[in-house]
Amino acid sequence: MRLLVLGGTSWLGGTVADLARRRGHEVTCLARGFSGAVPGQVRHVVADRWQDGAYDGVADSDWDAVLDLTWQPELARSALSALATRAAHWILVSSCSVYADHGTPGHDESAAVVDGWTGRGEAPIEEYGAAKVSCETASRDAVQADRLLIARAGLIAGYGDTSDRFGYWPARFATESHGAVLVPPLDGPVQVVDVADLARWLVLCAESRTAGTVDAVGEPHVFRDVLEACVTATGNGSPIVESSDPWLQEREVSPWMGPESLPLWLPRPDYAGLMARSNTAATASGLTTRPLGDTVDDSLRWEVELGLHRARKAGLSPERERSLVAALGGPATE
Ligand SMILES: NC(=O)c1ccc[n+]([C@@H]2O[C@H](COP(=O)([O-])OP(=O)(O)OC[C@H]3O[C@@H](n4cnc5c(N)ncnc54)[C@H](OP(=O)(O)O)[C@@H]3O)[C@@H](O)[C@H]2O)c1
């Protein structure tokens, strides 16, 4: 298969490109190279998709599959205009952020999405979900339904994560010296897809020309499962201090991501469905998911490589965690 990855210098795109190459495919990645290098033995066409003629280096070839990772509608449209007629199959990596309702568990691909982003030029990050909707619309307008896969990824976890979100937990449990661990409600839903599983499924879909719209999400879990996997991975015997949604909200702890956040925590009821989507379509189309413990192990390996005590993009600082633990009446740290 001749596979063109629009991206490939970052986390998921690089994992896809590397796996496809190892499965014997001829892989080309088009990217600026700002995010990193393409995997070994993969052709890199250096181009900035905001510039005219960005696709000149790849537009005169036929492709068995093109996989686009962008969330910028203008880049999705320019790629489709230059390449859709040269591609037997098109895959857009979209996101479950497209959905309008994040409060209802068990929704599937038929759920309503937000309105697309209609601005011009570069969409702001606050419009990520709406921008992905516009990328989806552009893809459907340019590619026949039987040649198009819209893969709506849920939270991606595992080795190589650049977001610092899921990895906060294995890293936190690996730093026993920080004392009692503040955790969100243990029964809160958690659903991730391991980057290696997602990449494998995307390559299989490209090979088999799987079409449709699929939520690429893993098995449903609760936070207790993450905690147990982290304890198993690290052997940490520190006390656990469980908090509640209103308690965390009163103290303005940020959910999900960002500085001084509690990653994987999503307050209910508003976000009860964001990590509790149906994975029926994904499973039916061949997505297989490894045990959560394997994702924790791989994530921990990556966290150790990055350095457990580095400044993080997501998660509580030790000082903030200690003060929250103390406020909840948890044990003090020496
Ligand atoms: N992380 C999650 O939990 C999550 C959840 C749901 C969905 N997703 C989706 O999953 C995918 C993740 O992909 P990823 O980790 O490989 O990539 P990414 O971090 O989203 O990077 C996008 C790729 O596009 C390239 N790119 C960006 N601007 C470009 C430009 N102007 N010209 C040419 N290339 C450009 C980047 O390369 P250069 O910078 O080198 O040009 C990079 O390789 C994305 O589609 C994301 O929206 C992620």
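One-based numbering, in listed order, for ligands and for the atoms of each.
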Quick check: [X] and ligand 1, any N/O pair under 3.5 Å apart?
X: L155; value: no
X: F34; value: yes
X: G14; value: no
X: L12; value: yes

Tell me, please: is [X] in heavy-atom contact with ligand 1, that is, under 4.0 Å?
X: W50; result: yes
X: K132; result: yes
X: S163; result: no

Self-check item: atom 1 (N) of ligand 1 [closest protein heavy-atom partner, distance rounded to 0.1 Å]
Solution: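 Among all protein heavy atoms, the one nearest atom 1 (N) of ligand 1 is R165 NH2, 3.6 Å.
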query: What do you reckon, are the aromatic ring centroids of F223 and W169 less than 6.0 Å apart?
result: yes
Here the atoms of ligand 1 under 4.0 Å from any heavy atom belonging to S94 are 7 (C)
Looking at atom 20 (O) of ligand 1, tell me if a protein heavy atom falls under 4.0 Å from it. no
Q. Between S285 and W201, is any side-chain donor less than 3.5 angstrom from a side-chain acceptor?
A.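 The criterion, which ignores hydrogens and geometry beyond distance, is satisfied for W201 and S285.
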